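For clarity, every value in this text was computed on a predicted model and none was experimentally measured. Lettering follows sequence order; numbering is per chain, from 1.
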There are 2 protein chains.
Amino acid sequence: MERKCPIETVIHVLGGKWKPTILWLLLDSTKRFSELEKLIPEVTQKMLAQHLRELESDQLVTRTVYPSVPPKVEYALSDYGKTLVPVMEIMCEWGETHQRPGLKQAVL
Amino acid sequence: MERKCPIETVIHVLGGKWKPTILWLLLDSTKRFSELEKLIPEVTQKMLAQHLRELESDQLVTRTVYPSVPPKVEYALSDYGKTLVPVMEIMCEWGETHQRPGLKQAVL
DNA sequence: CGGCATCCCTTCCGATACTG
DNA sequence: CAGTATCGGAAGGGATGCCG
């Protein structure tokens with residue numbers, strides 16, 4: 001991976017279709033796979049699993065497997081992931097303003 | 001466009017491959033199309049033009065055409081676009097930290 | 001100079017089915 | 001429960017060529 005604009009890095013880790021939502025939910029509390037599924041009804045298992053793998057390899061979330069039957073897996077925001085929270089809050093704030101109707105946004 | 005996480009909005013406007021770079025350069029000063037081309041050697045004309053259109057329709061940059069021969073077109077960060085600067089700075093800061101070697105990041 | 005049009009490849013993502 | 005595998009469509013983006 002070549003050196004590039006640091007902003008790209010943030011885009012990369014948050015850029016998946018459901019990643020911000022996942023992180024936001026995990027900020028509230030640790031959650032199981034099935035909980036995330038219920039909380040994000042539109043997401044497919046495939047994308048949820050894939051995004052969680054990516055967030056994990058970016059070290060933003062931790063994955064804990066409890067060797068029980070049935071299996072239980074918990075996802076949590078890592079301490080490192082929490083450093084992203086202020087960034088997300090700022091982004092969120094700007095996004096809300098930009099989304100406001102009356103800005104000729106999203107006419108289509 | 002359905003209502004979604006406001007963070008997605010930021011991802012959307014900054015999410016093009018060269019958009020952060022373009023905005024960063026325009027923050028410094030107004031630039032012509034050909035100047036941007038030289039400043040971002042890897043970008044193709046197609047993507048530069050396309051991203052500029054999108055940034056324009058998101059009202060982050062303004063496009064000014066001088067009816068001269070040869071044609072001259074200047075792109076500038078709009079006042080509204082400048083509201084994104086603090087957001088970009090925070091993102092940049094986090095990105096630089098995350099990019100740091102030792103985090104198993106960006107081996108190149 | 002500052003584009004647009006076309007072709008093509010790659011990545012992202014949804015749908016569906018199957019498994020330890 | 002918590003995934004993986006496979007297929008196929010949609011979108012992003014590169015290369016090249018043409019134009020006012």
Exercise. Only one of B:Arg63, B:Arg32, B:Glu35 clears side-chain contact (heavy atoms from CB on, under 4.5 Å) with B:Tyr75; which?
Worked result: B:Arg63
Problem set entry | Interatomic distance, B:Leu48 CG vs D:dT16 C1' [rounded to whole Å] | 17 Å
For this session: Over all heavy atoms of both residues, which pair between A:Lys17 and A:His51 is shortest? Give the atoms and the distance, please.
Result: N-CE1, 3.3 Å
Problem set entry | Between C1' of C:dG2 and CD of B:Gln50, the distance in whole Å | 16 Å
For this session: Send over the distance from A:Ile11 CD1 to C:dT11 C1', rounded to a whole Å.
Result: 16 Å
For this session: Ignoring backbone atoms, test whether A:His51 places a side-chain nitrogen or oxygen under 4.0 Å from the OP1 or OP2 oxygen of C:dC13.
Result: yes
Seminar exercise, completed: Against the side chain of B:Lys46, the closest entry in C:dG2, D:dC1, D:dG13 is D:dG13
For this session: Identify the two heavy atoms, one from B:Val10 and one from B:Met91, that lie closest to each other, and give their separation to 0.1 Å.
Result: CG1-SD, 4.4 Å
For this session: May I have the distance from A:Glu56 (atom CD) to D:dA2 (atom C1'), rounded to whole angstrom?
Result: 13 Å
Exercise. Which nucleotide in the list C:dG3, D:dC1, C:dC13 gets nearest to the side chain of A:Lys17?
Worked result: C:dC13
For this session: Ignoring backbone atoms, establish whether B:Arg32 has a side-chain N or O less than 4.0 Å from OP1 or OP2 of C:dG2.
Result: yes
Seminar exercise, completed: With the side chain defined as heavy atoms from C-beta on, A:Pro71 is closest, among D:dG3, C:dG3, D:dA2, to D:dA2
For this session: Provide the closest heavy-atom pair for B:Pro20 versus B:Met88 in the form atom of the first, atom of the second, distance.
Result: O-CE, 3.8 Å
Problem set entry | Nucleotide nearest A:Thr44 (side chain, heavy atoms from C-beta), chosen from D:dG14, D:dA2, C:dA15 | C:dA15
Exercise. Do any side-chain nitrogens or oxygens of A:Tyr75 fall under 4.0 Å of OP1 or OP2 in D:dC1?
Worked result: no
Exercise. Within the pair B:Trp18 and D:dG14, is there a side-chain N or O less than 4.0 Å away from OP1 or OP2?
Worked result: yes
Exercise. When the distance from CG of A:Leu36 to P of D:dC1 is rounded to whole Å, what number comes out?
Worked result: 14 Å
Seminar exercise, completed: Looking only at C:dG14, D:dC1, C:dC1, the nucleotide nearest the A:Met47 side chain is C:dG14
Exercise. Taking only N and O in the side chain of B:Ser34, is any of them less than 4.0 Å away from OP1 or OP2 of C:dC1?
Worked result: no
Problem set entry | B:Lys38 NZ to C:dC1 P, straight-line distance once rounded to whole Å | 6 Å
Exercise. Given C:dG3, is OP1 or OP2 found less than 4.0 Å from the side-chain N or O atoms of B:Arg63?
Worked result: yes
Problem set entry | Closest listed nucleotide, where the reference is the side chain of A:Gln45 and the choices are D:dA2, C:dG2, D:dA15 | D:dA2
Exercise. Would B:Ser29 and B:Lys31 count as having a side-chain donor-acceptor pair, cut-off 3.5 Å?
Worked result: yes
